[in-house]
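Please read the structure below before turning to the comments.
Within every chain, numbering begins at 1; the chains are lettered A, B, ... in the order of the sequence lines, protein sequences first and strands thereafter.
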Protein chains: 4
Amino acid sequence: MSPNVEPATPAFDHRKGPRRRGEELESAILRAALDELAEVGYPALTMERVALRARTSKAALYRRWPGRAELVVDACKAGGVSEIDLPDTGTLRDDTIALLRQLSAKMDSPFGSILRGLLAETTRDPEFAKLVRERVQTPGPTAVHSVLERAVERGEVEPHILGSRRATVATDLLRNQFLLYGNPIDDATITDIVDDVYLPLVLRTERGASGSDSGGNTEPDAS
Amino acid sequence: MSPNVEPATPAFDHRKGPRRRGEELESAILRAALDELAEVGYPALTMERVALRARTSKAALYRRWPGRAELVVDACKAGGVSEIDLPDTGTLRDDTIALLRQLSAKMDSPFGSILRGLLAETTRDPEFAKLVRERVQTPGPTAVHSVLERAVERGEVEPHILGSRRATVATDLLRNQFLLYGNPIDDATITDIVDDVYLPLVLRTERGASGSDSGGNTEPDAS
Amino acid sequence: MSPNVEPATPAFDHRKGPRRRGEELESAILRAALDELAEVGYPALTMERVALRARTSKAALYRRWPGRAELVVDACKAGGVSEIDLPDTGTLRDDTIALLRQLSAKMDSPFGSILRGLLAETTRDPEFAKLVRERVQTPGPTAVHSVLERAVERGEVEPHILGSRRATVATDLLRNQFLLYGNPIDDATITDIVDDVYLPLVLRTERGASGSDSGGNTEPDAS
Amino acid sequence: MSPNVEPATPAFDHRKGPRRRGEELESAILRAALDELAEVGYPALTMERVALRARTSKAALYRRWPGRAELVVDACKAGGVSEIDLPDTGTLRDDTIALLRQLSAKMDSPFGSILRGLLAETTRDPEFAKLVRERVQTPGPTAVHSVLERAVERGEVEPHILGSRRATVATDLLRNQFLLYGNPIDDATITDIVDDVYLPLVLRTERGASGSDSGGNTEPDAS
DNA sequence: TTTTAACCGAGACGGTACGTCCCGTCTTGGC
DNA sequence: GCCAAGACGGGACGTACCGTCTCGGTTAAAA
């Protein structure tokens, strides 16, 4: 109750030489967090262990991040966990398949459970949800956009697709597949998504048919 | 924060009263779990509180379920959390929109955070992942199938769509939208999913363009 | 914030055979507390270390005692820390000196710092102060009383002294000496207290000079 | 509990203003310490809060005092916490009672818990114990001595009492009473101490009965 | 007057203990 | 046998201080 009558003088004096501060310390913590994620996974990652591993104190963590979720988000960012090798095969189909394969491989790594865990905690506040999207989810959207842009340049895809919902259908379905059915994701699933769903939606047809302005509606009864 | 859990029945000591067993006890537990979910949400639900609320012991819970995730799955099932009013408007478009709106409403309820939480815990074992899909995710797929079947009967949709990946694209995208962007889901998003993505994929066209062989999608409208 | 999404399953399973409970556990804890007191002293005693030493959990301690002060009080009681060998030399003087020497020896042991520490914490509430008096301070008063009673029987002391403030002056002064000047207490101090202060106050004199009925005052000028 | 410490001077950043040094800073710290003592009491006083309140840094505190105990000792001294209005009523009895009443009143103030706390920490080293006696305990002894000297001049007390143990019995018993039984101290207790114990020990009698030179013993002991 | 060294304020740092909560297991009695 | 109650060993939580340290300053004394 009372803070402490006599604070039990720290058992021993251990002050090291140059104490780490600022960026040096921060990157040591992020490194420790990444190592923990790789070793024990997201659900078992604790602030305690990260602090221990980084040879610092919990207080140093809480000074920077409000909780483990935010720490992990930053660790992912710092670790380049969501970096993508932008494919450039010459056709939209092969680019997209290469992209999905990379994403699928990510899901198979510790990053998979991280993604699940973080999404679970976005319930808390929209602020954090946004953070997760920006720091963890970016690879997909950005890469998709680049791939599509090149397809537009090649004439494979109409420009207006770029900003439409159709653009991200492939990665959206892959993510959904992962979250529902887990990993590993069958390669057939990837080609199925691409060939049966994605390409028909985005590829230009001689009739220019697949384009649609937002909210477009094939059925007349929508009027 | 403080565990001020008011037990459902104010003061009754089942140690020395008519002791509940079997189904009676089980449903009391599930009821308590549902109440907890509604009140504090999934992340804050603990076995301890559920046991207290159900006026039973943790042992009774662990005898039946290996952990809170499994308990919650059963509670959802028992509570009809994932039941759907099958819409029947006469057109696929309206049926689908009605369906997505219902699902979207669910996501806005405690069920939303439950879904997130459960998906996060499917990392553990595929067995449990399957359970979640079957008990928690069923409403969507089943309803989608029924709606599509009726559309097939009406001639709006080709039969082979029924078993294809295209069939569930609408619900898949909705789920993805929820998991990434949270609730509430804008109604415009729903119509966008339906009109810009889903219908072009599943509706029959005179040219049969939307058939699921690779690459084929032609838009009839917009011509 | 949220308790825990996945409680990081305890690293390892370690459940022992027969788990200690009730009195067995309690005495193990008290024993551990006593050992700690002897080794590191009261100010450095922590609940954490006691729990560790007793091979139990902090929760088990907090279930029984609200804080370390109360735990230590009980440990003292259990360890017979304040037990006294009742002296019986045949004269009040020698009995009293023997008694003070014993008390002085106690103060020289870990018990000394315990007494200081506990007295410091009696600020909190009178309840606890009472506890300290009863469990930790009892030896003095009780022994004093016995010693005095025998002196009364021998005719050395008038009976009315027994309940008066004079009865405890010797131990009161010794305690005061310890608290102000610390230990060890010089043997000359003890004989000084006894011969110069205590005996003149309690021994019967033919003239009845030092005797007094309640509130009595030998000096007329006090009026 | 929450460290809601309002700094004395509302908002002034001494980093970039006229920076306090030496005595000015020191007295600001002591003032802050006294305020803290009055507000939260000794056990809850922390270096952190004092530094915050004084709008300075912990380092400035530790440069001057090795720990909070020493700081508090100085603060007491500076705050005149142990100053006494020397009574002069004309009789030893009334002087002594007035004195004890003042001391008792002190014990009822924050000074009470300070005394307890400091005494608890004298375990550490005799040096500090001496400091406490000199800075915090002085009022009693000094005043007692003055009062007694006047009584000697009036002929109420024999001169040799002045240096004997008997001289301080009244304050010693009062202190003991406070430490064991807490405050407030009943007025009857004070008169009891004075009339039943103290005066019989120090007042001169025509018979010289209660008087004694050091080590003296009115009883032909062990006879 | 200019330099320079001491000192100041702020607060980060590594660390320990706090007291609480929940985990999943186990024991105790009572029905 | 199963039930309720809850104790048990364990571990992580997030907070509060400890006493040290680093970092830019300010300021007074030395040059």
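- Each of A:L25 and C:G67 has a nearest nucleotide on DNA chain E; the 5'-most of these lies closest to A:L25.
- Residues that satisfy the salt bridge (Lys or Arg N to Asp or Glu O under 4.0 Å) test with A:K58, not counting sequence neighbours, are A:E48.
- Atom pair C:L61:CG and F:dA7:P shows a separation of 14 Å (rounding to whole Å applied).
- When each of F:dT20, F:dA4, E:dG9 is scored by its nearest atom to the side-chain atoms of D:S57, the top-ranked nucleotide is E:dG9.
- Taking atom CZ of residue B:R55 and atom C1' of nucleotide F:dG6, one finds them 14 Å apart after rounding to whole Å.
- Take C:R31 and apply the salt bridge (Lys or Arg N to Asp or Glu O under 4.0 Å) test, not counting sequence neighbours, and it matches C:D35.
- Separating the CZ atom of C:R68 from the P atom of E:dT16 is a distance of 17 Å, rounded to the nearest angstrom.
- Side-chain proximity of A:M47 to F:dG14, E:dC23, F:dC18: nearest is F:dG14.
- We find that CG of D:L52 is positioned 13 Å from C1' of F:dA16, with the value rounded to whole Å.
- When the salt bridge (Lys or Arg N to Asp or Glu O under 4.0 Å) test is applied to D:D125, no partner is found at least two apart in sequence or on another chain.
- Two residues are said to be in side-chain contact when any heavy atoms from C-beta on lie closer than 4.5 Å; D:L118 and D:F128 meet this criterion.
- Taking only side-chain nitrogens and oxygens, D:R64 comes nearer than 4.0 Å to OP1 or OP2 of E:dC8.
- One can place CG of B:L45 at 14 Å from C1' of E:dC21, the figure rounded to the nearest angstrom.
- Side-chain atoms of A:R68 come within 3.5 Å of backbone N or O of A:L45 as a donor-acceptor pair.
- Listed for the B:R135 side chain is no donor-acceptor partner under 3.5 Å among the backbone atoms of B:A75.
- Within the 4.0 angstrom heavy-atom criterion, only backbone atoms of the sugar-phosphate kind lie near C:G22; the bases stay farther away.
- In the set F:dC8, E:dT25, E:dC22, the nucleotide with an atom closest to the side chain of B:R49 is E:dC22.
- Between the CD atom of A:E26 and the P atom of E:dG14 there is a distance of 12 Å, given to the nearest Å.
- Using a 4.0 Å cut-off on heavy atoms, none of the residues of residues 30-38 of chain A approach DNA chain F.
- The separation between D:W65 atom CH2 and F:dC18 atom P is 15 Å, rounded to whole Å.
- Take C:R64 and apply the salt bridge (Lys or Arg N to Asp or Glu O under 4.0 Å) test, not counting sequence neighbours, and it matches C:E26.
- Judged as a side-chain hydrogen bond (donor to acceptor under 3.5 Å, both in side chains), and not counting sequence neighbours, the contacts of B:T122 are A:R116.
- Among E:dT20, E:dC23, E:dG14, the nucleotide with an atom closest to any side-chain atom of B:E48 is E:dC23.
- The base of F:dG10 has none of its N or O atoms less than 3.5 Å from a complementary donor or acceptor on the side chain of C:K58.
- Out of F:dA4, E:dC23, F:dG9, the shortest distance to the side chain of C:T56 is found at F:dG9.
- When the nearest nucleotides of DNA chain E are assigned to C:Y62 and B:A59 by heavy-atom distance, the more 5′-ward of the two goes with C:Y62.
- Taking atom CG of residue D:L71 and atom P of nucleotide F:dC17, one finds them 15 Å apart after rounding to whole Å.
- Under 4.0 angstrom from either OP1 or OP2 of E:dG24 there lies no side-chain N or O belonging to B:R63.
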